[in-house]
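What follows is a single structure, written as structure tokens, with notes after it.
Proteins get letters first, then strands, A, B, ... in listed order; numbering begins at 1 in each.
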2 protein chains.
Amino acid sequence: MKSMKLELHIKMNEALYLRNPESSELGKNIVKHGIQLIYQHGFEAFTFKKLAEDIGTTEAGVYRYFENKHKLLVYLTAWYWGWLEFQIRFHTNNVTDPELKLKKVIELLATAVADDDISDYENERLLHQIIITEGSKVYLTRQVGQDNKQHFFKPYKDLCAVIGDIVIECNKSYKYPKSLASTIVEMAHFQNFFMNNLPSLTDFGKSKEINEIIAFLNELVFSSLKNKR
Amino acid sequence: MKSMKLELHIKMNEALYLRNPESSELGKNIVKHGIQLIYQHGFEAFTFKKLAEDIGTTEAGVYRYFENKHKLLVYLTAWYWGWLEFQIRFHTNNVTDPELKLKKVIELLATAVADDDISDYENERLLHQIIITEGSKVYLTRQVGQDNKQHFFKPYKDLCAVIGDIVIECNKSYKYPKSLASTIVEMAHFQNFFMNNLPSLTDFGKSKEINEIIAFLNELVFSSLKNKR
DNA sequence: TATTCATAATAGTATTCCTATCTTTTAAAA
DNA sequence: TTTTAAAAGATAGGAATACTATTATGAATA
């Protein structure tokens, strides 16, 4: 039996789209099939034409929702970071010990989302993979500055800020909470990508165990936070 | 007075080019102006047509040397990592203390190359900036696997292996030398990018001091290496 | 002298990225 | 129920990008 799915709504920056994709079936299809196609072929090979064919609409139809494929990717990543921040708040809600909180955060960042009986996370699972491979491409551009001014990266920065706050809870005199937070987030993904694609850059190439990435990050983070001097 | 420049030759993987760009003036111009244009406009906006116009040759002329612009970027990054490994070997040659060695490595990774009286490092300085912004795009693709089989990333992996070995010299029982090495390399660049473009993701947004990135990385790395348990 | 080799000049194709316009469908308001 | 506004569908096409192919020229090499 599949239980009821509680729809979690994430408020999106309106500058990310031309027409709100949540407002229509076509819009929802653009997002859903967009995720699937980017996952399958990679962002470089992904085009609005292919997406339109896949959905059964036209290129122009897709362009009515998103200005270009980069904006669509920014939209997807923004959604993902918003969703992940919610997951973190949800799973650390009743946790008082900041160290346990931080451990949970690392686990959530590193763990591929799994389908379970409670809800269908298939899209979130694909999104997690997309963010690993394509996530940094949204800001590694010449237009970072402008995009940042329009708050396209707010969900990402908010998430890092939340993690940075937990870091400070763990150790009030720690000097680099923000940089440590962005390091945790980026490395949770990069070590995963390396493990699966350039294994000699990690110590997990053989086992391919996400738990080892988590152990590495825990070791790295808590050594630093417990270091007295 | 400008002293003699000792040309340092870095052996390149022949599968990276169609014709060796070091073998002709046109080839050298493609690399040199390629670096300048990618630096100026970013990789996405960079085209072989613009490059050809800049040099005063034709599009077809550039295509005779490099299959496409992605291969050119892979070529440039491979050269950079080879060059950096040389720099590291050179500057740690007479250092016996592995901790001092590792500190020097972190400094070299994080520090933008400076022109000095000894030699003209203008191209290396631009390359350093290019690697920060575009470097990860060479492997964050659907073709990582094939590219890796052709050893396109060997210089990067070799550099990480060298750093991993120094890590082990510092602490023989450390469990994650390779992952720590790739973390150091990636974060030396990402923290720099964040500091300059998304400053709230770092603790150096105000000062914009590379020395602070170095201090952060040192704290992170040596806390972990000195952690006894 | 013949030949090969890099380069230049030119042309052209497929695809990508994007805009415009017109018609039909849908669905909400009057 | 009718009207009307918005969304979607259909079609066309243009500018730029990412290539490939062909031929001509001049310089070095056998």
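No donor-acceptor distance shorter than 3.5 angstrom exists from the side chain of B:K178 to the backbone of B:G164, with no hydrogens or angles considered. Side chain of B:E134 to main chain of B:F43: a donor-acceptor pair is present (N/O by atom type, distance under 3.5 Å, no hydrogens or angles).
For residues 15-38 of chain B, proximity to DNA chain C is found at B:R19, B:S24, B:L26, defined as any non-hydrogen atom under 4.0 angstrom from a strand atom. A heavy atom closer than 4.0 Å to some atom of DNA chain D occurs in A:T57, A:T58, A:A60, these being the qualifying members of residues 40-61 of chain A.
Atom CZ of A:F66 is separated from atom C1' of D:dA8 by 16 Å (rounded to the nearest Å).
Residue contacts shown for B:Y65 are limited to sugar-phosphate atoms, with no base heavy atom under 4.0 Å away.
The minimum heavy-atom distance linking B:L51 with B:G34 is given by the pair CD1-N, 3.5 Å.
One finds the CD atom of A:Q87 at 13.0 Å from the CH2 atom of A:W81 (value rounded to the nearest 0.5 Å). Between A:L37 atom CG and A:K69 atom NZ the span is 11.5 Å, to the nearest 0.5 Å. Considering OH of B:Y139 and OG1 of A:T133, their distance stands at 11.0 Å, rounded to 0.5 Å.
Direction of the helix axis in the helix from C:dT1-D:dA30 to C:dA30-D:dT1 shifts by 10° between the two five-pair termini, rounded to 10°.
In terms of the salt bridge (Lys or Arg N to Asp or Glu O under 4.0 Å) criterion, B:E59 has no residue partners (sequence neighbours excluded). Take B:F48 and apply the ring pair (Phe, Tyr, Trp, His ring centres under 6.0 Å) test, not counting sequence neighbours, and it matches B:Y63.
The list of side chain to side chain donor-acceptor pair (under 3.5 Å) pairs with a residue in residues 190-202 of chain B, not counting sequence neighbours, reads A:S179-B:Q191, A:S182-B:Q191, A:T183-B:Q191, B:N192-B:N196.
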